Undergrad: 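Let me give you the structure first, and then I'll get to my questions.
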Amino acid sequence: MPILFYNTLTRSKEEFNAIKPNEAGMYTCGPTIYNYAHIGNFRAYMFEDLVRRYLTFRGYKVTHIMNLTDVEDKLIRTCRETGKSLKEITAHYARAFFEDIDTLGIWRADAYPAATDHIPEMVDLIKALREKGHTYEEKGSIYFNLTTFPKYGRLSHMNLEDLKTGASGRVDADEYEAEEARDFALWKAWDEQDGDVYWETELGKGRPGWHIECSAMSMKYLGPHFDIHCGGIDNMFPHHENEIAQSCCATGAPFVNYWLHCAHLMVEGRKMAKSLGNFYTLRDLLAKGLDPLAIRYTLIATHYRQPSNFSFDAVAAASQALRRIRDFRIRLEEIHGEGDELLQECRDCEAEFIANMDDDLNISGALGAVFNFIRDVNRKIDDGGVGSAGAIHVLDLLDQLNQVTGIFAPPVEDTVPREVLDRVAARQQARREKRFAEADAIRDQLLNEGWIIEDTPDGQRVKRV
RNA sequence: GGCGGCAUAGCCAAGUGGUAAGGCAGAGGCCUGCAAAGCCUUUAUACCACGGUUCGAAUCCGUGUGCCGCCUCCA
């Protein structure tokens, strides 16, 4: 069964065929490290991580490259406003970014090239474009001449005429030092506002435009032609369109086979905006006491091309769903003896999971399959038919699917303090002697302290709330 | 003004022509000394509205309404 991806280039689902068999090169637009990333950003990174994990699960050796934008207008403004150096600021937010993705269980990419470490590569690329006649210079800056690339606009379905007019009047050509308002900068000449953020290069004193870093770095780490490029839908135009123009014109080779874009995140039914008071960084949510795994669940559970509504109710529901999974695993781990091995059930569940995920990463359908499986296995356990081999098979399957989703192995509190166990034993003794009021008092007290006591035929189970 | 997306139960969310997955919450029940967990039953004559195509539409087409995105380096 082939994997289908919705390719923005063709606006249709296409079979994924890798350039090299069983290998996949993947480039994803990373953060501008001038601030803490917000949960909308993390939805995109989570989606990209899912693409990478799923391809890995399906046997591909994936090379995942994510850039860090560490020179750009907003960063320079921050430098000016704070008096700090570019490096000070970017080092701080890069560290925060890595902490955040670790917290969310997003796998680290194979490399995180930073723009400022690749100035020579960008200069070479711009030179190549200049030699081929795709650029022009104005006041020391170098621009890409879009008329030299007739295919421009194919990804976003924008046409040059519409862009030129800018009917709302928002595109004011006077503000551009370019022949056409729609042309974009490859190299920006230094001006006083830039302070000490500049490089002396063959192109003059200045800094790279934003788009060129992704062309230069994807090329360096994945070659001129690679499989997958992902990003948020807002990057489609102009950023990805510009990347295509730069890369194709510079190398003459095809650039990217599959463009995957993820939709935006809404918060409580509204767009996320500081003015609406629903703008959250991951740190904001953790400070409110939300469980990172529940945040992960919430962000991952909606199909990536669907606008997703992040709400506190949804996170609470996710916590409950995770508890269900955790309790299911605890139950399985306690099973001993002979019984059903559940081989067919495991095979069916895995097949259904894969069939859904193969269809453009239909995660909701895939999760539905697993929850149906959990219910069916629970029923069999209730009937007493499941043996330890069956339990192991189910746990193995969950572990495997956890490699894709990261939500099927919630942490279990396995060290219960001696003192708590003593009180559980005391309660059990009271129960045996039918002193139920006393037993219930102990249970209530432990519940207050965050421990749930459950009575099973085989004894007491102690769990974290 | 141009281009694009979305609208499914209280909440989250699959399903893109054949009669509404799943999770959370709610109700009733089984189990339990009582609970918890689990299981069973139940919760959308129905998928924003109105037209149309079709034997048949949440699914296709049209119009409208609402929300969201891009068109200035915001995922």
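Proteins come first, then strands; the chains are lettered A, B, ... in the order of their sequence lines, and each starts at number 1. Since we're looking at a predicted model, the values are computed, not measured.
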Undergrad: Base, sugar-phosphate or nothing for A/N41? Non-hydrogen atoms, less than 4.0 Å.
TA: base
Undergrad: Can you check the distance between B/A20 and B/C68, where both ends of the measurement are the C1' atom (answer in whole Å)?
TA: 26 Å
Undergrad: From C-beta outward on A/I233, which listed nucleotide comes closest to its side chain: B/G38, B/G69, B/C70?
TA: B/G69
Undergrad: If you measure from the C1' atom in B/G17 to the same atom in B/G52, how many Å do you get, rounded?
TA: 15 Å
Undergrad: Mind calculating the distance between OH (A/Y152) and P (B/G2) to the nearest angstrom?
TA: 20 Å
Undergrad: NA contact type, A/L265, heavy-atom cut-off 4.0 Å: base, sugar-phosphate, or nothing?
TA: base
Undergrad: For RNA chain B, whose closest nucleotide is more 5', that of A/A369 or that of A/G365?
TA: A/G365
Undergrad: Report which part of the nucleic acid A/I453 touches: base, sugar-phosphate, or nothing (heavy-atom distance under 4.0 Å, all strands).
TA: base
Undergrad: Between B/G15 and B/C71, how far apart are the two C1' atoms, rounded to whole Å?
TA: 33 Å
Undergrad: May I have the distance from A/N309 (atom CG) to B/G5 (atom C1'), rounded to whole angstrom?
TA: 15 Å
Undergrad: Can you tell me which nucleotide in B/A14, B/G38, B/G2 comes closest to the side chain of A/M158?
TA: B/G2
Undergrad: Looking at A/T8, A/D234, A/N7, which hits side-chain contact (heavy atoms from CB on, under 4.5 Å) with A/H261?
TA: A/T8
Undergrad: Taking the side chain of A/R324 as heavy atoms from C-beta outward, which of B/G4, B/C39, B/C70 is closest to it?
TA: B/C39
Undergrad: What is the base-pairing partner of B/G4, counting Watson-Crick and G-U wobble geometry with both distances under 3.5 Å?
TA: B/C68
Undergrad: Using a cut-off of 4.0 Å on non-hydrogen atoms, how would the nucleic acid contact of A/G40 be classed: base, sugar-phosphate, or nothing?
TA: base
Undergrad: Any idea which of B/A37, B/A14, B/C67 is nearest the A/D327 side chain?
TA: B/A37
Undergrad: Determine, using ring centers only, whether A/F312 and A/Y280 are less than 6.0 Å apart.
TA: yes
Undergrad: Side chains of A/Y54 and A/D358: do they bring a donor and an acceptor to under 3.5 Å?
TA: yes
Undergrad: Tell me what A/D73 touches on the nucleic acid: a base, only sugar-phosphate, or nothing, going by heavy atoms under 4.0 Å.
TA: base
Undergrad: Taking the C1' atom of each, how far is B/A13 from B/G22, in whole Å?
TA: 8 Å
Undergrad: Using a heavy-atom distance cut-off of less than 4.0 Å, which residues of residues 433-441 of chain A contact RNA chain B?
TA: A/F436, A/D440
Undergrad: Of the nucleotides B/A14, B/G69, B/C24, which has the atom closest to the A/K271 side chain?
TA: B/G69
Undergrad: Select one nucleotide: of B/C71, B/G4, B/G5, the one nearest the side-chain heavy atoms of A/P307.
TA: B/G5
Undergrad: Would you mind classifying the nucleic acid contact of A/Q306 as base, sugar-phosphate or nothing, using non-hydrogen atoms under 4.0 angstrom?
TA: sugar-phosphate
Undergrad: A/R323 CZ to B/A36 P: how many Å, rounded?
TA: 13 Å
Undergrad: Does the ring centre of A/Y152 sit less than 6.0 Å away from the ring centre of A/F144?
TA: no
Undergrad: So which nucleotide from B/G22, B/A13, B/C40 ends up closest to the side chain of A/N372?
TA: B/G22
Undergrad: A/S308 has a side chain; which of B/A13, B/C40, B/C71 sits nearest to it?
TA: B/A13
Undergrad: So which nucleotide does B/A9 pair with, by the Watson-Crick or G-U wobble rule with both distances under 3.5 Å?
TA: none
Undergrad: Could you work out which one of B/G38, B/G22, B/G4 sits closest to the side chain of A/R11?
TA: B/G4
Undergrad: Counting distance only, does the side-chain N/O of A/N356 pair as donor-acceptor with the main-chain N or O of A/S364 below 3.5 Å?
TA: no
Undergrad: Classify A/P31 by what it touches in the nucleic acid, base, sugar-phosphate, or nothing, heavy-atom distance under 4.0 Å.
TA: nothing
Undergrad: If I take atom CZ in residue A/F353 and atom C1' in nucleotide B/A14, what distance separates them, rounded to the nearest angstrom?
TA: 14 Å
Undergrad: Closest to the A/S311 side chain: B/G4, B/C11, B/C70?
TA: B/C11
Undergrad: Which is true for A/R427 with a 4.0 Å heavy-atom rule: it touches a base, it touches only sugar-phosphate, or it touches nothing?
TA: base
Undergrad: Would A/D455 and A/R461 pass as an ion pair if we require N to O under 4.0 Å?
TA: no
Undergrad: Hunt down the Watson-Crick or G-U wobble partner of B/U54, both distances under 3.5 Å, from any strand shown, or write none.
TA: none
Undergrad: Figure out the CG/P separation between A/L155 and B/C3, and round it to whole Å.
TA: 17 Å
Undergrad: What's the CZ-C1' distance between A/R331 and B/C39, to the nearest Å?
TA: 8 Å
Undergrad: Considering every strand and a 4.0 Å limit on heavy-atom distances, what is the contact class for A/E72: base, sugar-phosphate, or nothing?
TA: base
Undergrad: Quick one: A/E268 CD to B/C12 C1', roughly how many Å, whole number?
TA: 11 Å
Undergrad: Quantified in whole Å, what is the C1' atom distance between nucleotide B/A36 and nucleotide B/U43?
TA: 24 Å
Undergrad: Mind checking the C1' distance from B/C24 to B/A9? Whole angstroms is fine.
TA: 13 Å
Undergrad: In whole angstroms, how far is the P atom of B/C24 from the CD1 atom of A/I407?
TA: 12 Å
Undergrad: Check every strand shown and say whether A/H157 touches a base, only sugar-phosphate, or nothing at a heavy-atom separation below 4.0 Å.
TA: sugar-phosphate
Undergrad: Please check if the distance between the ring centroids of A/Y36 and A/Y93 is under 6.0 Å.
TA: yes
Undergrad: Quick check on side-chain contact (heavy atoms from CB on, under 4.5 Å): which of A/V71, A/T69, A/I33 does A/T90 satisfy it with?
TA: A/I33
Undergrad: If you assign A/S156 and A/A318 each to the RNA chain B nucleotide with the nearest heavy atom, which residue ends up on the more 5' nucleotide?
TA: A/S156
Undergrad: Sequence neighbours left out, what passes side-chain hydrogen bond (donor to acceptor under 3.5 Å, both in side chains) with A/N378? Give chain and number order.
TA: A/R331
Undergrad: With the threshold set at 4.0 Å, does a side-chain nitrogen-carboxylate oxygen contact exist between A/R427 and A/D440?
TA: no
Undergrad: Under the 3.5 Å rule, do the base of B/G33 and the side chain of A/R431 count as making a donor-acceptor pair?
TA: yes
Undergrad: Does a side-chain N or O of A/N378 approach OP1 or OP2 of B/C39 to a distance below 4.0 Å, or not?
TA: yes
Undergrad: Side chains of A/D291 and A/Y297 only: does a donor on one sit below 3.5 Å from an acceptor on the other?
TA: no
Undergrad: If you look at every strand shown and take non-hydrogen atoms under 4.0 Å, does A/H211 touch a base, only sugar-phosphate, or nothing?
TA: nothing
Undergrad: Could you check whether any side-chain heavy atom of A/E243 comes within less than 4.5 Å of a side-chain heavy atom of A/C29, counting everything from C-beta outward?
TA: yes
Undergrad: Could you walk me through whether A/S156 and A/E241 satisfy the side-chain hydrogen bond (donor to acceptor under 3.5 Å, both in side chains) test, starting with their C-alpha distance in whole Å, then the side-chain angles of each, then the deciding distance to 0.1 Å, before giving a yes or no?
TA: CA-CA 7 Å; A/S156 58; A/E241 204 73 74; 2.5 Å; yes
Undergrad: Give me the residues of residues 454-465 of chain A where at least one heavy atom lies under 4.0 Å from an atom of RNA chain B, by number, or none.
TA: A/E454, A/D455
Undergrad: Classify A/S319 by what it touches in the nucleic acid, base, sugar-phosphate, or nothing, heavy-atom distance under 4.0 Å.
TA: nothing
Undergrad: Looking at A/R324, A/R329, A/R323, which one forms a side-chain contact (heavy atoms from CB on, under 4.5 Å) with A/P410?
TA: A/R329
Undergrad: Looking at B/A49, which nucleotide sits across from it as a Watson-Crick or G-U wobble partner, both distances under 3.5 angstrom, or is there none?
TA: B/U63
